[in-house]
Number of protein chains: 2
Amino acid sequence: MPKNCNFIEKLREVGLRPTKQRIKMCEVLYNREKTFHFTINDLVKMISEKMNEKISLATVYNTVHAFEKKGYLKEISIDSHKSYFDTNTSAHHHFFDEDTHELIDCDESDIDKINIRKNITGKKINSVEVLVRVASDNQNQK
Amino acid sequence: MPKNCNFIEKLREVGLRPTKQRIKMCEVLYNREKTFHFTINDLVKMISEKMNEKISLATVYNTVHAFEKKGYLKEISIDSHKSYFDTNTSAHHHFFDEDTHELIDCDESDIDKINIRKNITGKKINSVEVLVRVASDNQNQK
DNA sequence: AATCTACATTATAATAATTCTAAACTATTG
DNA sequence: CAATAGTTTAGAATTATTATAATGTAGATT
Ligand SMILES: [Mn+2]
Ligand SMILES: [Mn+2]
Ligand SMILES: [Zn+2]
Ligand SMILES: [Zn+2]
């Protein structure tokens, strides 16, 4: 998946102009072994480090939302005060470490399939996601 | 549970001074048949309507957070741009209607018990919550 | 009941996250 | 290369939330 992917192609395919900012953002986001979670500020820092030039905060916001709309990114709600994004756009569950504020992906085998018995008339289910909040176990003093 | 509960007592018991603002807030929040979900702005409006006087936004924020700390309220994360609170403080799952932005409680029978197989060393599970996003089913045109 | 004191409320300012604006820039098309 | 539509940018605006500091009040002490 990584290597030196052709992000220009990828961007064109979905109708986004391959500007140097977007290509750089693609490299930061997708040119890696594993998917990851980030906040906008994380991303601005990562991009700025990889580029000599600065990147405008507005561009990062705009582009993240453009990517989100195209299905390249997914927004995760764990904290009502900050947006977390995920380069893993598949349906999956999360652990959230309340000590470190770190998000951890679950894979298929970690949580049994969720069985929903409730049905809301006229509505279809778009997603079913589990959030498991964890924190350090400070009751080891038996 | 409703009736004309003694909120003064309740507040005293946990060490909160029963000020008229807090008593009014208790009435708005708990003097009703069913639990409900709200945003800070919802709550400010509801309180203002029930009181002749205005209530300070800062007081609503402070008191909501005081209540949250005491376990009277629970914060729900569905949208990274706004805080939702819940007077149902028990562990429960939600449906979120993406059309109306309405939160709907699930009860025990709606979703089978979640079985978590993953374990993070040194961490204990604080909560396991499911969020089911629904939206209007616009594929009725067979 | 008058006084005291710690805690609360308030209006307002400050901060933080996000979005908007409008001018300058650039990728693509012809 | 010019024209054009889409993009980036700095900075202003907006929104949600938190901090500040003066004023008010509940509950205790006299
Ligand atoms: Mn967003
Ligand atoms: Mn909060
Ligand atoms: Zn993830
Ligand atoms: Zn609820």
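Quick note on labels: first sequence line is chain A, next is B, and so on, each numbered from 1.
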Do B:N88 side-chain atoms and B:T35 backbone N/O form a donor-acceptor pair below 3.5 Å?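 Side chain of B:N88 to backbone of B:T35, a donor-acceptor pair under 3.5 Å: no, none is there.
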So what does [X] touch, heavy atoms closer than 4.0 Å: a base, only the sugar-phosphate, or nothing?
| X | value |
| --- | --- |
| B:L57 | base |
| B:K20 | nothing |
| B:T59 | base |

Side-chain N or O of [X] less than 4.0 angstrom from OP1 or OP2 on [N]?
| X | N | answer |
| --- | --- | --- |
| B:T19 | D:dA26 | no |
| A:S83 | C:dT18 | yes |
| B:Y61 | D:dT17 | yes |
| A:H65 | C:dT19 | yes |
| B:R12 | D:dG27 | yes |
| A:Q21 | D:dT9 | yes |

Could you state the [atom1]-[atom2] distance from [X] to [N], rounded to the nearest angstrom?
| X | N | atom1 | atom2 | answer |
| --- | --- | --- | --- | --- |
| A:E68 | C:dT19 | CD | C1' | 14 Å |
| A:I55 | C:dC25 | CD1 | C1' | 15 Å |
| A:I23 | C:dT28 | CD1 | C1' | 14 Å |
| A:E53 | D:dA10 | CD | C1' | 15 Å |

Which atom of A:H37 lies closest to which atom of A:D105, heavy atoms considered: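 Scanning both residues completely, I find the closest heavy atoms to be NE2-OD1, 2.8 Å.
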Salt-bridge present (A:E53, A:K24; N to O < 4.0 Å): no
Between B:L16 and B:A58, just flag the one whose closest nucleotide in DNA chain D comes earlier from the 5' side.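 Comparing both residues, the 5'-ward one is B:A58.
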Per the atom types in the model, does the base of D:dA5 pair as donor or acceptor with the side chain of A:R17 at under 3.5 Å? yes
Answer yes or no for A:K123 and B:F95: cation-pi contact, defined as NZ/CZ to six-membered ring centre under 6.0 Å and angle to ring axis within 45°. no
